[in-house]
Amino acid sequence: MSNGNDRWSALKGDSQGSDGGRRYGGYSKQYNRKGYGSRQSSGSESRYNSWDRYQVKTEDGEVLRGSQGSSDRRYSNRVIETKPRWSRFSDNQKDRAARGDEPQVLRKDLDVGDGKGELNPFTGRSFSRNYYRLLELRKKLPIYNHRDEVLKIVGENKFVVLVGDTGSGKTTQVPQILSMKYGKENNKLIACTQPRRIAAVTVAQRVAEEMDVRLGDEVGYSIRYEDETSSRTILKYCTDGLLLRESVTDPLFSKYSMIIIDEAHERTISTDILMGMLKQVVFEREDFRLVVMSATLDAEKLQKYFNNAPLISIPGRMYPVEIKYLEEPVEDYLQATIEAISQIHKEEPAGDILVFLNGEDEISTAVKDLEESLGSVPGEGHPSGVHVLPLFSSLPSNAIQKVFEDPPKNKRKIVIATNVAETSITIDGIVYVVDPGFSKQKVYNPRNRVESLQVAPVSAASAVQRSGRAGRTRAGVTYRLYTEDAFEGLTAMTYPEILRSNLNSVVLQLRTLSMNPVEFDFLDPPPPETVMRALECLLYLGALDQTGQVTKFGKAMSVFPLDPELSRTLLAAPELGVAQEVLAIVAMVSAAPNCFVRPLNKAREADQAKRRFEAEESDHLTLLNVYTEYMIHNNSSQQWCWENFLNERALQSAAKAKEQLERLLEQQGYSTKSKRIGFDYYGQSIAIRKAIAQGNFMFSAVECKRATYLTTKDNVEVKLHPSSGVRTRPTWLIYNELVITTKAFIRTVTQVEGGWLLESSPNYFTPDHFTNDIVSYEIAKLTGERKKSRSAMNTNLRQAY
DNA sequence: AGGGTTTTTT
């Protein structure tokens, strides 16, 4: 593809895919070097020696062998079988059959419908033409020839780890195969988790079609706000977060005979917690199995975690993707990106380009640059120039839609995207990927507990995922704008979310289930301070008592899909007579965090539009105003949102969240009606802000200098974020978020009275609790003032009598 | 007086 004269060095033997090239060279080396799940030759041998080995009979052995890297051989063409000591089975006929003690009856289950004229066992009708069409496609998936092995190994073990790369078919086929056999067992169903809502829905749709049943009957899905399942359902796709929530009411997951965790390598908090819980469930329930599916990377780590579970490895199937590295590193990746695109457009054959950049402004600049420089410059196979499109998640839906559409005739489509295009959004037809190797990542500083976003090199896993985007519909090329050495030096995996997040909500949930978060069996244990901080926070919120037991109030808090701070705010609202208002605010804060749109070229208009909603004493009230107005304009919402620079999708989800929260609040026996009688505007504003103070007193700040605040929790000197509409210059504030960009800013703030904070948590607000003199002084002033006023009252009383 | 938000999810 390249002429050899340019600065790309095609790496020999580094093409990938079904043609047998080594998959994304450098991986195994990376592992060993970093020691992440590394396999030291001495140690690993002895570990494997004690295991029985099981050779997979594969019809496509060529592909398997070809896809092996030198040190990866153990993984893909062999299944390691173990019989862990703890594995106990009810000795019924099915299990014996699965173990191979009895004649295999599995094939009959499996091949149901394979011959023409057979009836669909679920509907009793003959299979549709579409069924047979899809069946032909399914037969081409790498997983198809491994059906027996999947059934056999899963039949014999209660933990199984299954790894397979892109295109193996694992997400659609494995749950399907297993549900044919186990789907009706004891009237229980199978759940398969996905990290994203769209994935859960689209995969369920696809599998229902493949099984020739109606979506919501035998195959369904369940995500927040949407439940497409019924009593007939035997296979349910759902988000990992939703299944985790279910544990609150059903800690043993007794509805399910088997749970399949998919995309475990993404390591979302929910997946991590679920894996820990389900590991326990396997020990406690004889009739339960767990299958964990993942990309090949962390297989060994997962196996170890699940008591040396057997591993099934399925090769991926992709079109080959050639990887090109730079011979010399570049200084300016943005510049290099533009140059690379220009070169591809002019010299490489027809095909669309996907480019990964880091944020709205970088993307906008690049889009503009490219439109200007290449807009009508003819390139190979695209005589009319290029058609450049931005892609990031806060883009309005119609702009996102454009990315999937064909470009104008004879133009080359170039999509400039953030990491949405890495996993969430899949664009077919991409032939070239340009990857500068960076992304914006959330970084957590445990010292001052501040999160910030930083541009950092991606992990090798991300780089691989990005290149894979080029080989979906035909052979492609990835241009990595860094050297091969740099690739070798990348961290293998993205740091798991659970290690860089606050765990307040998780710890409350674990305590509600009487589990000890300190002893919880995490795949990667979070720093102990994180857990201690969570316990401490829950104590101050009144969710736990001094002994660490969940209080009645804490139990009520745990019911809401919210951070504990927000749950408490919500629970405080009915008594203050502002349930409706606080429901809306909490919904906005939790489900529509970025509802204000501010395009760079219309920043002024956007700010002006926002000003119309602003309340001078509280950004939270501003959010309430937005919500209220949105609901009034609900039937013309699209245009209204557009005119007011609001993100419609965000507001829609806030509206749904509010509905759900209202229902939950009602179920707890609270009145969700607001008391409007006796309130003037200020009375109402005060009541709402008091509710906010009750939950968020730990996110308080006090003025220490002119226009400068000090956070009470960690003594960080902060400024109000310029996007805040609060103009009253209050002494005390509640903030929703602390961000560090050019300075430390607090965002979404609300003026409160010190006294309200004191009332919210007298234990928290004692002068000696705080190390900073200014904070202590201000608090002493408050407690002093309170004493003074109390004694003043006494004097009044004395005088009265 | 003054400025940047990767991405998910209950």
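Letters go in sequence order (proteins before strands), and every chain restarts at 1.
No donor-acceptor distance shorter than 3.5 angstrom exists from the side chain of A:Q509 to the backbone of A:S505, with no hydrogens or angles considered. A:S501 places a side-chain N or O within donor-acceptor distance of the main-chain N or O of A:E497, the cut-off being under 3.5 Å. Between the side chain of A:R469 and the backbone N or O of A:E422 there is at least one donor-acceptor pair closer than 3.5 Å. Looking only at distances, a side-chain donor or acceptor of A:T202 sits under 3.5 Å from a matching main-chain atom of A:I198. Between the side chain of A:D563 and the backbone N or O of A:E565 there is no donor-acceptor pair closer than 3.5 Å.
A heavy-atom distance below 4.0 Å to DNA chain B is reached by these residues of residues 240-250 of chain A, ordered by number: A:G241, A:L242, A:R245.
A close approach under 4.0 Å does occur between a side-chain nitrogen or oxygen of A:R197 and OP1 or OP2 of B:dT10. Of the side-chain N and O atoms in A:S439, none sit less than 4.0 angstrom from OP1 or OP2 of B:dT6. Look at A:R196 and you won't find any side-chain N or O under 4.0 angstrom from OP1 or OP2 of B:dT7. Note on A:T239: a side-chain N or O is less than 4.0 Å away from OP1 or OP2 of B:dT10.
Atom CG in A:L566 sits roughly 18 Å away from atom P in B:dT9 (whole-Å rounding). The distance from atom CG of A:N502 to atom P of B:dT8 is 20 Å, rounded to the nearest whole Å. In this structure, CG of A:D227 is placed 14 Å from C1' of B:dT10, rounded to the nearest angstrom. The NZ atom of A:K705 sits 16 Å away from the P atom of B:dA1 (whole-angstrom rounding). The distance from atom CG of A:L391 to atom P of B:dT5 is 19 Å, rounded to the nearest whole Å. Counting to the nearest Å, the P atom of B:dG2 and the CG atom of A:L720 are 12 Å from each other. Atom CD of A:E360 is separated from atom P of B:dT7 by 10 Å (rounded to the nearest Å). When rounded to the nearest whole Å, the span between CG of A:D435 and P of B:dT6 equals 17 Å.
Within 4.0 Å of A:N647, counting heavy atoms only, lies no atom of the nucleic acid at all. Counting any heavy atom pair closer than 4.0 Å across all strands shown, A:R224 reaches a base atom. Residue contacts for A:S393: at a heavy-atom cut-off of 4.0 Å it reaches the sugar-phosphate backbone alone, with no base atom in range. Counting any heavy atom pair closer than 4.0 Å across all strands shown, A:R706 reaches sugar-phosphate atoms only and no base atom. Within the nucleic acid shown, A:F392 comes within 4.0 Å of sugar-phosphate atoms alone, with no base atom in reach, counting heavy atoms only.
With B:dT10, B:dG3, B:dT6 as the choices, the nucleotide that has an atom nearest any side-chain atom of A:T418 turns out to be B:dT6.
Closest-nucleotide positions on DNA chain B for A:K743 and A:S424 were compared, and the one nearer the 5' end corresponds to A:K743. Of the two residues contacting DNA chain B, namely A:R727 and A:K440, the nearest-nucleotide position lying further toward the 5' end is that of A:R727.
Looking at A:R729 and A:E703, a side-chain N of the basic residue comes within less than 4.0 Å of a carboxylate O on the acidic one, giving a salt bridge.
No N or O donor and acceptor, one from the side chain of A:N358 and one from the base of B:dT6, sit under 3.5 Å apart.
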Is there a side-chain contact (heavy atoms from CB on, under 4.5 Å) between A:M588 and A:V626? Walk through the geometry before answering. CA-CA 9 Å; A:M588 288 290 280; A:V626 170; 4.0 Å; yes
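Taking the centre of each ring, A:F438 and A:Y333 come in below the 6.0 Å mark.
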